[in-house]
Asker: 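Please read through the structure below; I'll follow up with questions.
Bear in mind the structure is a predicted one, so any value in this text is a computation, not a measurement. Basis for what follows: all heavy atoms, side chains included, without hydrogens, waters or symmetry-related copies. One-based numbering along the sequence shown.
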Amino acid sequence: MSDNKDSIRKNLEDILKVSPKIKSLKRTPKKIQHKERFCDMLDNLKYVNDRAVQMKTEIGVDFILYEEPFFAIIEPLIMFSFNKKQQALINWWIYEKWNHPEGVLILSDQQTGEEIPTDTAEEFYEFLFSVL
């Protein structure tokens, strides 16, 4: 890589008659980009759903029908991007975990009974992609 930078620098000096500074751009690894995008999507979908539920329960205004076309676009994208188990867990996290009549639901390992951390989108991402 250093030889490549030196070659580019020399060519620019020869052509432009200047001494350029060449900086390497640090790119975020794809895995980190994937995680960030997934977590942003999940947090935004949760926010939209929470807002619709809040508007309906506190004010009596039902935005669910208004927002339905947006979800009609988003849900097939989830179907194309994730397997059935992942889809079911994503839907659980957005629609059920936070809005259950008995409070926030906890995900636990069926064999050990241990709680699986899923309170943040980041924790949920780690679980979703490490297990499934």
Side-chain angles (χ1 to χ4, degrees):
M1 188 69 152
S2 180
D3 292 337
N4 193 22
K5 283 184 186 177
D6 292 338
S7 175
I8 292 170
R9 182 179 288 115
K10 180 163 179 14
N11 288 335
L12 287 172
E13 286 175 353
D14 292 345
I15 295 169
L16 300 176
K17 307 293 186 221
V18 295
S19 182
K21 287 185 178 179
I22 299 175
K23 294 181 180 180
S24 296
L25 295 176
K26 292 184 179 180
R27 293 191 174 161
T28 306
K30 287 187 187 246
K31 187 173 182 177
I32 293 172
Q33 288 178 1
H34 183 265
K35 180 178 181 177
E36 288 173 353
R37 288 180 183 146
F38 176 84
C39 292
D40 287 345
M41 175 204 66
L42 202 63
D43 283 334
N44 285 324
L45 287 172
K46 179 187 175 301
Y47 171 78
V48 169
N49 186 63
D50 289 350
R51 184 184 61 186
V53 169
Q54 181 182 18
M55 295 292 282
K56 186 174 183 180
T57 57
E58 292 180 10
I59 303 173
V61 177
D62 190 350
F63 275 100
I64 294 171
L65 290 176
Y66 172 77
E67 293 173 342
E68 193 169 321
F70 299 108
F71 283 97
I73 294 167
I74 295 165
E75 288 175 353
L77 292 173
I78 291 173
M79 288 174 51
F80 292 133
S81 302
F82 302 97
N83 66 43
K84 291 196 182 292
K85 287 182 182 179
Q86 290 171 322
Q87 291 171 38
L89 284 166
I90 290 168
N91 287 330
W92 170 82
W93 196 88
I94 295 168
Y95 303 115
E96 296 175 35
K97 176 176 176 68
W98 309 102
N99 298 306
H100 196 271
E102 296 176 16
V104 176
L105 298 177
I106 304 298
L107 192 62
S108 59
D109 186 306
Q110 291 179 336
Q111 295 176 345
T112 65
E114 290 183 35
E115 181 180 326
I116 299 169
T118 59
D119 288 341
T120 66
E122 291 80 10
E123 289 174 342
F124 184 70
Y125 175 92
E126 294 301 329
F127 164 71
L128 192 68
F129 290 99
S130 67
V131 176
L132 305 173

Asker: Pick one: which of His34, Met41, Gln33 meets side chain to side chain contact (heavy atoms under 4.5 Å, CB included) with Arg37?
Answerer: Gln33
Asker: If a pair satisfies salt bridge (Lys or Arg N to Asp or Glu O under 4.0 Å) and one of its residues is in residues 65-81, list it, with sequence neighbours excluded.
Answerer: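 Sorted pair list: Arg51-Glu67.
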Asker: Sequence neighbours excluded, which residues qualify as side-chain hydrogen bond (donor to acceptor under 3.5 Å, both in side chains) partners of Glu58?
Answerer: Gln54
Asker: Going by side-chain hydrogen bond (donor to acceptor under 3.5 Å, both in side chains), name the residues that satisfy it together with Glu126, two or more places apart in sequence or in a different chain.
Answerer: Lys35
Asker: Would you mind listing every salt bridge (Lys or Arg N to Asp or Glu O under 4.0 Å) that reaches into residues 107-117, with sequence neighbours excluded?
Answerer: none
Asker: In terms of the angle between their ring planes, are Trp93 and Trp98 parallel, tilted or perpendicular, with boundaries placed at 30° and 60°?
Answerer: perpendicular
Asker: For Ser81, what residues pass the side-chain contact (heavy atoms from CB on, under 4.5 Å) criterion, not counting sequence neighbours?
Answerer: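 Residues passing side-chain contact (heavy atoms from CB on, under 4.5 Å) with Ser81: none at all.
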Asker: Quick check: is Phe129 connected to Leu42 through a chain of hydrophobic side chains (ILVMFWY, heavy atoms under 4.5 Å apart)?
Answerer: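 Leu42 and Phe129: one cluster.
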Asker: Looking at residues at least two apart in the chain, or sitting in another chain, which of them share a side-chain hydrogen bond (donor to acceptor under 3.5 Å, both in side chains) with Asp119?
Answerer: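 Partners of Asp119 by the side-chain hydrogen bond (donor to acceptor under 3.5 Å, both in side chains) criterion, ordered by chain and then number, come out as Lys97.
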Asker: For Trp92, what residues pass the ring pair (Phe, Tyr, Trp, His ring centres under 6.0 Å) criterion, not counting sequence neighbours?
Answerer: none
Asker: Same cluster or not: Leu128 versus Leu105, using hydrophobic residues (I, L, V, M, F, W, Y) connected whenever any side-chain heavy atoms lie under 4.5 Å apart?
Answerer: yes
Asker: Please go through Tyr66's hydrophobic cluster and name the other residues, only I, L, V, M, F, W, Y counting, with side-chain heavy atoms under 4.5 Å joining them.
Answerer: Met55, Ile59, Val61, Phe63, Phe70
Asker: Could you list the cluster mates of Ile106? Members are the ILVMFWY residues connected by side-chain heavy atoms closer than 4.5 Å, either directly or through other members.
Answerer: none
Asker: Could you list the residues that satisfy salt bridge (charged side-chain N to carboxylate O under 4.0 Å, His left out) with Lys10, not counting sequence neighbours?
Answerer: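 Only Asp14 meet the salt bridge (charged side-chain N to carboxylate O under 4.0 Å, His left out) criterion with Lys10.
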Asker: Say whether Phe71 and Phe38 are linked into one hydrophobic cluster, either directly or through other cluster members, by side-chain heavy-atom distances under 4.5 angstrom.
Answerer: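 As far as the 4.5 Å side-chain criterion goes, Phe38 and Phe71 are connected within one cluster.
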Asker: With sequence neighbours excluded, what pairs up with Asp43 under the side-chain hydrogen bond (donor to acceptor under 3.5 Å, both in side chains) test?
Answerer: none
Asker: Just do the side chain to side chain contact (heavy atoms under 4.5 Å, CB included) check on Thr118 and Leu89 with the steps written out, would you?
Answerer: CA-CA 11 Å; Thr118 59; Leu89 284 166; over 6 Å; no
Asker: Roughly how far apart are Ile90 CD1 and Tyr95 OH, rounded to 0.5 Å?
Answerer: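 Taking CD1 in Ile90 and OH in Tyr95, the distance rounds to 10.5 Å.
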